[in-house]
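Everything quoted here is computed from the prediction, not taken from an experiment. Order of appearance sets the numbers: ligands from 1, and atoms from 1 within every ligand.
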Amino acid sequence: MSKPQANSKEPSGKKIQAIRGMNDLLPDQSPLWQYFEGQMRALMGRYGYDEIRTPIVEQTALFKRSIGEVTDIVEKEMYTFEDRNGDSLTLRPEGTASCVRAAMEHGLLHNQTQRLWYQGPMFRHERPQKGRYRQFHQVGVETFGLEGPDIDAELILLSARLWKQLGLFEHVTLELNSLGSPEARAAYRDTLVAYFEQHMEVLDEDSRRRLATNPLRILDAKNPDMAPMLADAPRLMDHLDAESKEHFERLTAILDEAGIAYTINPQLVRGLDYYSRTVFEWTTTALGSQGTVCAGGRYDGLVEQLGGKPVPAVGFAMGIERLILLLDTLDLVPDEARGDLDVYLLPMSEATESAALLLGERLREAHPELRVQLHCGGGSFKSRIKKADKSGARLALLLGEDELAENTVTLKFLREEREQQRLDQDALADTLASLLAGQA
Ligand code: ATP
Ligand code: MG
């Protein structure tokens, strides 16, 4: 038998680190994420949307066929690999394609409408920077079987309500455009290419490459040298088919009536191939160049493109990291999103440790919403008090041998100048409740 050998590929002592652009969510940030996710989940319920969860990995062909071969995502951002059977798989770069695949596969689109939402990690091989990561998280909404502008408007109102809930409404702006029908877009494409061909000297390399493959995307180029030429480009809005024009006018009329301000941005084309008619983005100026926090639109052709019967559809996705960053940057994190403890429960010595543990259980029984942490791990009196101070809790409950004998507990205020109090254990739950409700 051969001797077991050390793995020679592993350099000894070198620490293994996370993959670039893929972040750990640490305990100091997770309460804020939970707060955001809680707001989101509640909102979806209020509008009657149902959650769908799909696998993180799909067949590569799904994304190629839906997002489009000549998009940034498919050309250069996907995490694609062969599994052990030799099948080409891809870590999902976005949620819409998976959602459509699942809805088709399980017959959710047969003569019915669907309003779905999802959330989870997405993967794109991009250059990591603030607000742009290789694993990031989206919350998305997809609706199926509804073709009128009322549902487009609902999605915008739903997102506007989220901004209001989070205190972000004053910090974001809505941009809208219509991409029309595929036929109108094809005709416009020729007009646009003709225009660009007259301005070849201004087009950068990337845009020249796109001229043959995806000329509409040139409108979205960020190169400032091209800006004046792009501003004068023919507008898709002026080449819409009659139905799309009416659809768009009805959408803007609803938004006007609802008091939602928007700007029409003729250069808004979105990076994915499957859109038609309405496209929109919510952007902020508070995050530098990663300013789009929510983006979506209508994709009436996608279900058919993936082999189903035509089903109208519209949806959006928002980037959770950017929204969290925005809440942090604008100092809009409410107390409830800080995850602070209410009570640090402190046995003063070993003799009262088990009594403290039971007291903690009684408190949690009486007040399920109370956040109580028990001091564990012993230590000197001084180090116990230090732990209580560092816990971030508002209150400490001290249980010494005297207290134990009297069936009382000492209440200490950790964040306010206030006299400590000796309380009867049986009255404790009520006292805490009124204290934390701000009534005492
Ligand atoms: P961008 O123009 O910023 O690259 P995109 O058009 O590629 O965005 P979508 O595919 O529409 O973005 O995704 C919707 C939202 O998801 C974006 O508006 C953004 O908030 C977020 N998002 C997209 N890519 C990333 C990423 N790499 N890291 C973090 N968030 C992202
Ligand atoms: Mg992108």
Side-chain angles (χ1 to χ4, degrees), residues 18-23 25 29 33 36 40 62-63 66-68 70-79 90-100 117-142 155-156 159 162-163 166 168 171-177 179 206 210 214 216-223 265 267-276 278-299 302 313-329:
I19 293 164
R20 199 164 113 83
M22 304 202 180
N23 301 313
L25 178 62
Q29 281 281 303
W33 280 68
F36 175 81
M40 198 69 213
L62 174 66
F63 302 116
S66 56
I67 299 169
V70 292
T71 56
D72 280 354
I73 293 182
V74 172
E75 275 184 343
K76 48 190 186 195
E77 296 174 358
M78 293 207 303
Y79 278 90
T90 294
L91 300 184
R92 64 180 184 195
E94 54 108 49
T96 305
S98 310
C99 203
V100 171
W117 72 279
Y118 60 83
Q119 72 167 332
M122 307 294 161
F123 302 84
R124 296 185 195 176
H125 197 277
E126 304 195 66
R127 193 169 68 77
Q129 52 195 292
K130 188 178 161 203
R132 192 177 290 288
Y133 312 99
R134 290 181 173 173
Q135 175 176 324
F136 62 100
H137 297 76
Q138 285 183 338
V139 172
V141 164
E142 316 290 352
L155 293 188
I156 289 171
S159 46
L162 181 69
W163 312 141
L166 297 171
L168 289 174
H171 304 280
V172 290
T173 47
L174 174 64
E175 293 182 17
L176 284 183
N177 195 15
L179 300 183
D206 219 25
R210 284 194 169 128
N214 197 353
L216 263 68
R217 271 295 262 171
I218 299 175
L219 290 173
D220 184 41
K222 302 290 181 285
N223 183 345
N265 176 0
Q267 282 168 240
L268 182 66
V269 291
R270 311 279 306 113
L272 301 84
D273 267 2
Y274 49 59
Y275 287 107
S276 57
T278 314
V279 288
F280 66 92
E281 287 191 0
W282 288 96
T283 60
T284 173
T285 52
L287 292 180
S289 54
Q290 265 52 258
T292 306
V293 290
C294 173
R298 187 163 271 285
Y299 50 95
L302 182 58
V314 54
F316 69 69
M318 36 187 136
I320 304 185
E321 279 83 358
R322 290 188 195 174
L323 287 167
I324 298 277
L325 213 54
L326 193 57
L327 290 172
D328 248 342
T329 309

* Asked: Based purely on interatomic distance, does E321 place a nitrogen or oxygen under 3.5 Å from a nitrogen or oxygen of ligand 1?
  ->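 No, since none of the N or O atoms of E321 sits under 3.5 Å from an N or O of ligand 1.
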
* Which of these, R124, R132, Q129, has its nearest heavy atom closest to atom 7 (O) of ligand 1? ->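 Among R124, R132, Q129, the closest heavy atom to atom 7 (O) of ligand 1 belongs to R124.
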
* Asked: Looking only at non-hydrogen atoms, which of E94, K222, Q138 approaches atom 13 (O) of ligand 1 most closely?
  ->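 Nearest option to atom 13 (O) of ligand 1, by heavy atoms: Q138.
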
State the atoms of ligand 1, each with its element, that fall below the 4.0 Å cut-off from a heavy-atom position in [X].
{"X": "T292", "value": "17 (C), 18 (O), 19 (C), 20 (O)"}
{"X": "G131", "value": "28 (N), 29 (C), 30 (N)"}
{"X": "A295", "value": "11 (O)"}

* To do: Please test R210 against V70 for side chain to side chain contact (heavy atoms under 4.5 Å, CB included), starting from the C-alpha separation and ending with a verdict.
  => CA-CA 9 Å; R210 284 194 169 128; V70 292; over 6 Å; no

Looking at [Y], is its backbone amide N or carbonyl O close enough to the side chain of [X] to form a donor-acceptor pair, meaning the two atoms are under 3.5 Å apart?
{"X": "E175", "Y": "E281", "answer": "no"}
{"X": "R124", "Y": "M78", "answer": "no"}
{"X": "R92", "Y": "P121", "answer": "yes"}

* Go through Q138 and E94 one step at a time and tell me if the side chain to side chain donor-acceptor pair (under 3.5 Å) criterion holds. => CA-CA 8 Å; Q138 285 183 338; E94 54 108 49; over 6 Å; no

* Asked: Which atom names give the shortest non-hydrogen contact between S159 and W282, and what distance separates them?
  ->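 The pair with the smallest heavy-atom distance is OG-NE1, 3.0 Å.
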
* Classify the contact between V293 and ligand 1 as side chain, backbone, both or neither, using a heavy-atom distance cut-off of under 4.0 Å. =>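 The backbone, only.
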
* For ligand 1, which part of E281 has a heavy atom less than 4.0 Å away: the side chain, the backbone, both, or neither? ->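 For E281, there is no contact with ligand 1 at all, from either part.
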
